[in-house]
Amino acid sequence: MGTIDIIGSVFQIVIGFGVPIVFLVFVIVQRKKYKNRSNAGAFFFEDNNLVLNTGIPYAVPFDEVDHVELHYSSWELEHKYSYELIVKVIKKNGKKKWVFYKGYRTAKLALPSDMEAALQEKGLHCVMVAK
């Protein structure tokens with residue numbers, strides 16, 4: 001085995017393990033910025049931001065939010081313990097950010113109606129879209 005082969009192997013190992021490790025550290029650092037992330041559901045509120053609770057939390061300041069759409073299946077809510085929900089945040093500049101959420105009735109904001117009430121309490125317009 002030549003020196004070039006060894007360097008190539010080491011490079012492959014560094015790329016193979018290094019990139020995922022760097023990404024994992026980035027995700028952990030981003031998630032630690034927020035206190036309310038555990039068991040929060042699809043989103044939570046922190047420092048006048050609506051924070052979408054994704055792998056890497058995405059914060060939208062309240063003053064940039066035009067409205068929030070909650071897309072859900074009313075059949076799932078009536079017949080299943082879990083449900084699927086899409087949360088779309090439409091900003092005043094027209095840009096959209098959305099997150100898919102697998103909901104369970106154990107989260108702080110367990111149901112779409114709870115989420116709607118919490119958004120309205122913060123002064124954010126919410127549109128419920130049942131399938």
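Residue numbers start at 1 and run along the sequence shown. Fair warning: this is a prediction, and the values are worked out from it, not measured in the lab.
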Can Tyr101 and Phe43 be said to form a side-chain contact (heavy atoms from CB on, under 4.5 Å), step by step? CA-CA 9 Å; Tyr101 174 68; Phe43 58 84; over 6 Å; no
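- Between Glu64 atom CD and Asn48 atom CG the span is 12.0 Å, to the nearest 0.5 Å.
- Atom NZ of Lys102 sits in a crowded spot, with more than 12 heavy atoms from other residues, nucleotides or ligands closer than 6.0 Å.
- A distance of 7.0 Å separates NZ of Lys131 from CD of Glu76, quoted to the nearest 0.5 Å.
- From His67, atom NE2 reaches atom NZ of Lys91 across 13.5 Å, with rounding to the nearest 0.5 Å.
- Distance check, rounded to the nearest 0.5 Å: OH of Tyr83 to OG of Ser74 gives 13.0 Å.
- A chain of hydrophobic side-chain contacts below 4.5 Å, direct or via other Ile, Leu, Val, Met, Phe, Trp or Tyr residues, connects Val60 to Phe62.
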Please step through side-chain contact (heavy atoms from CB on, under 4.5 Å) for the pair Met115 and Val68, ending with a clear verdict. CA-CA 10 Å; Met115 295 176 197; Val68 179; over 6 Å; no
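- The heavy-atom pair separating Pro112 from Leu70 by the smallest distance is O-CD1, 3.7 Å.
- Trp98 pairs with exactly one of Ile86, Val89, Val87, Ile90 by the side chain to side chain contact (heavy atoms under 4.5 Å, CB included) rule, that one being Ile86.
- Criterion: ILVMFWY side-chain heavy atoms under 4.5 Å apart, direct or through other members. Under it, Met128 and Leu77 are part of a common hydrophobic cluster.
- Between His79 and Trp75, the ring-plane angle classifies as parallel under the 30° and 60° cut-offs.
- We find the NZ-NZ distance between Lys88 and Lys97 to be 13.5 Å, quoted to the nearest 0.5 Å.
- Note that CG of Leu50 and CG of Leu119 are 6.0 Å apart. Values are rounded to the nearest 0.5 Å.
- Considering every non-hydrogen atom in both Asn49 and Pro61, the closest pair reads OD1-CA, 3.1 Å.
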